[in-house]
Amino acid sequence: MGRTVLKVDNLKMWYKTKMGYVRAVDGISFELKEGESLGIVGESGCGKTSVSMTILRLLPENAEFKGGHIFFDDGNGSVDLVSLPEDEMRKYRWKGISMIFQAAMNSLNPVYKVGDQIVEAMLNHFPDMSIDEAREKVAQLFQLVGLDPKRMDQYPHQYSGGMKQRAIIAMALSCDPKLIIADEPTTALDVIVQDRILKEMKKIQQKLNMAMIYISHDIAVIAEVSDKIAVMYAGKFVEFADSVTIFKNPAHPYTYGLMHAFPSVVGPKTELTTIPGEPPNLLNPPKGCRFAPRCPLATDECREREPEYREIEPGHWLACHHPIERGKEVKFDEK
Amino acid sequence: MKSDDIVLRIENLRKLFPAERKIFGKVKLFVHAVDGVSYEIKRGESLALVGESGCGKTTTGKILVGLYEPTSGRVIMEGQDVTPYLFENQKGAERYIKEQYLEKFKNPPSLTDDFDKNMYDLYEKFGKNDSKFINHFLKDRKKKMIEIRRKVQMIFQDPYESLNPRMTIFDIVAEPLNIHDIGTAKEREDMVAQLLEEVGLSPAETFMFRFPHELSGGQRQRVAIARALILNPSFVVADEPTSMLDVSIRTGIMKLMMRLAQEHGMSYLYITHDLAVARYMANRIVVMYLGKVVEMGDIEEVLQHPLHPYTKALLAAIPVPDPEYKRGEPDIKGSVAKPINPPPRCRFYDRCPLAGRECEKLPHPDLIEISKDHWVACHVVTGEVKGK
């Protein structure tokens with residue numbers, strides 16, 4: 001594989017509130033190479049959307065960087081996005097890193113033609129481009145995402161939900177980004193439409209050799225699109241590995257619980273796992289391991305000392321004092 | 001089978017919504033949200049109603065709890081025709097009785113259905129007097145409406161919106177008791193406390209006098225479940241009760257609902273778009289497409305051996321939580337259309353990969369039982385038409 005596009009190093013971003021700091025992103029590290037796709041899976045409030053917003057620096061005023069670096073390399077040398085002034089940062093957004101937001105299809109302006117909206121975004125980033133050139137490019141992008149280029153001159157209300165989402169993907173690709181971040185782009189869609197969009201995204205990502213971060217709470221969707229998976233819990237990555245390892249040999253009890261909590265339509269009907277309790281409040285996360293209060297394997301050590309995030313075998317990172325051995329079963333206390 | 005063993009029977013249920021607004025003249029365009037749907041739920045059994053958004057599954061649920069009036073069709077609950085009580089005003093109920101029974105009674109030999117025959121006996125008892133027969137249904141109508149609503153409860157999708165933020169948990173769960181005037185204050189408190197414990201909000205005293213905003217999503221959904229169960233309903237319409245919850249919380253709610261169904265001998269009409277969740281929550285499944293039932297039967301049988309091309313496509317499109325699993329390509333064209341005055345042919349015709357030439361001319365196919373408790377509505381699958 002090629003060059004490293006993104007290197008996140010011990011990134012910390014907290015939100016300041018009246019009650020104290022919410023530790024949404026609390027010491028996250030990972031690397032992403034060209035053509036790789038990383039899935040970040042976690043429950044609501046675990047900080048997965050904050051990670052993407054931090055990378056793009058699209059943060060509210062109460063957000064504060066508490067340390068770490070985001071090295072981004074678009075082919076012209078690596079820069080640390082954290083220390084970049086805002087006007088420099090703007091050049092990287094959309095051109096270097098683009099994003100497909102949750103419910104992005106509602107972000108199309110209803111009174112402009114869809115094609116014109118994409119052309120406008122392109123002209124903003126490439127002032128030298130002529131309108132005809134831009135329209136030509138948009139027509140190509142429409143074909144790439146499986147939309148009829150004739151639809152460029154239609155308005156958003158003439159599109160179905162799936163078509164709007166395709167247009168948004170075309171828009172995200174319009175400035176040839178090196179990295180694309182997709183935050184639950186298919187959650188609002190029906191399964192058949194979702195299936196088409198997922199396949200399209202995977203195809204385009206491989207064809208253009210882009211790096212992709214795919215964020216979702218749905219591990220089945222993550223399994224479809226990602227080569228590597230990061231499992232996030234309470235502001236931290238607890239496990240990181242290639243997708244087969246995460247699914248077949250999860251070492252963290254939380255990963256194990258998530259994998260076994262998901263019903264499937266194929267294969268035998270297995271017993272589903274329930275993880276007791278609720279995710280912690282990030283205003284005041286528990287001392288020691290943040291999963292300890294819900295973990296069936298937790299010991300006093302877990303409650304006292306935070307486990308280190310370390311590489312347990314090549315490419316497999318873990319933060320746990322008591323990793324699950326291969327093939328072992330874990331029983332969660334259901335009460 | 002005794003009719004008592006069937007908790008709910010829906011016959012040819014239809015609901016049309018006007019698709020245009022007119023000040024003068026008749027509305028001619030209608031959205032056929034539910035268009036001739038029939039199925040039944042046996043006691044202790046749960047039925048999953050699945051399909052994509054806009055297929056009419058939520059509309060069906062809302063008709064059953066009395067939130068929408070049916071356009072036509074009959075709903076029988078525990079051996080009693082409750083349709084007259086699903087109408088907001090008396091006129092609708094009267095019209096229904098005339099259309100459903102009195103029209104048919106003009107020609108008694110045509111009655112084939114046992115239920116209709118029983119009704120005819122009743123009609124004879126009233127000396128074949130139309131107004132006496134109608135009155136039999138309409139007297140105490142309000143009282144009967146309340147009784148029906150007691151038997152059917154609903155759990156909504158979004159626990160952040162279905163609980164009144166200004167009421168305490170106790171008030172929320174006890175409100176059905178107030179409305180139906182059950183028990184003394186002390187008894188109500190005991191009932192609520194016991195039920196809160198049962199749904200896993202324990203100890204109950206610590207939850208009773210808190211407000212919804214103090215609870216998490218999973219806890220709120222437990223409150224919604226307790227509120228639905230406090231009247232001991234015969235069946236519960238559950239409209240995607242777990243789709244807003246996180247994975248680690250969701251299985252807890254699913255298991256709780258299954259346990260309660262067993263303990264209280266109650267049935268669910270479980271409305272969901274997620275076939276995997278349906279598999280865990282129900283014994284039988286009804287797959288809907290644009291207001292019509294396309295496939296129905298034992299859930300494992302339907303999921304393992306789907307017959308209708310739409311069910312097959314739905315199943316093939318579901319992501320599987322296994323990166324090594326290679327699923328097939330969903331074989332389906334185009335996208336869902338709105339069922340506004342749809343042509344009489346098969347609803348799935350425009351998207352169907354199997355459709356033969358004759359499918360265009362034939363009316364929408366009937367549900368046919370292919371094997372034991374496995375029904376499908378498709379001209380090609382049943383062999384009536386040669387497909388592609």
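Given the structure is predicted, the values throughout are model-derived calculations rather than measurements.
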Among [options], who wins on heavy-atom pairs under 4.5 Å with chain B?
{"options": "P263(A), G267(A), A223(A)", "answer": "P263(A)"}
{"options": "K199(A), K248(A), K269(A)", "answer": "K269(A)"}
{"options": "I222(A), V193(A), V266(A), L198(A)", "answer": "V266(A)"}

Quick one: of A276(B), A313(B), S216(B), who has the most non-hydrogen atom pairs under 4.5 Å with chain A?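 Heavy-atom pairs under 4.5 Å are most numerous for A276(B).
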
From the list P330(B), A278(B), G54(B), the residue making the most non-hydrogen contacts under 4.5 Å with chain A is P330(B)

Looking at D190(A) and S53(B), would you say the former's side chain and the latter's main chain have a donor-acceptor pair under 3.5 Å? yes

[atom1] ([X]) with more than 12 external heavy atoms under 6.0 Å:
{"X": "Q262(B)", "atom1": "CD", "result": "no"}
{"X": "K331(A)", "atom1": "NZ", "result": "no"}
{"X": "K228(A)", "atom1": "NZ", "result": "no"}
{"X": "E329(A)", "atom1": "CD", "result": "no"}
{"X": "Q304(B)", "atom1": "CD", "result": "yes"}

With respect to I192(A), which candidate in V336(B), I318(B), I332(B) satisfies the side-chain contact (heavy atoms from CB on, under 4.5 Å) definition?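 The option that passes is I332(B).
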
Evaluate the side-chain proximity of [Y] to [X]: yes if any heavy-atom separation is below 4.5 Å, no if none is.
{"X": "S248(B)", "Y": "E278(A)", "result": "no"}
{"X": "F332(A)", "Y": "T251(B)", "result": "no"}
{"X": "R327(B)", "Y": "D195(A)", "result": "yes"}

Part of E52(B) within contact of chain A (heavy atom distance under 4.5 Å):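 Both parts, backbone and side chain.
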
Does L314(B) form a side chain to side chain contact (heavy atoms under 4.5 Å, CB included) with V191(A)? I'd like the steps, not just the answer. CA-CA 7 Å; L314(B) 260 190; V191(A) 274; 3.4 Å; yes

Please state whether the side chain, the backbone, both or neither of T270(A) comes within less than 4.5 Å of a heavy atom of chain B. both

By a 4.5 Å heavy-atom criterion (distance strictly below it), what part of E224(A) contacts chain B: side chain, backbone, both, or neither?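 Just the side chain, heavy atoms under 4.5 Å.
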
Which pair of non-hydrogen atoms, one from [X] and one from [Y], has the smallest distance, and what is that distance?
{"X": "E43(A)", "Y": "D246(B)", "value": "OE1-CB, 3.2 Å"}
{"X": "I249(B)", "Y": "G277(A)", "value": "CD1-O, 3.9 Å"}
{"X": "L272(A)", "Y": "M254(B)", "value": "CD1-CE, 3.9 Å"}
{"X": "Y280(B)", "Y": "S264(A)", "value": "CE1-N, 4.3 Å"}

Would you sort out whether E271(A) and K255(B) count as a salt bridge (charged side-chain N to carboxylate O under 4.0 Å, His left out), showing the intermediate values? CA-CA 10 Å; E271(A) 180 78 9; K255(B) 283 184 178 173; 3.7 Å; yes

For a side chain to side chain donor-acceptor pair (under 3.5 Å) check, start with the C-alpha distance between R250(B) and T274(A), then their side-chain angles and the critical distance, and finish with the verdict. CA-CA 8 Å; R250(B) 187 170 75 177; T274(A) 312; over 6 Å; no

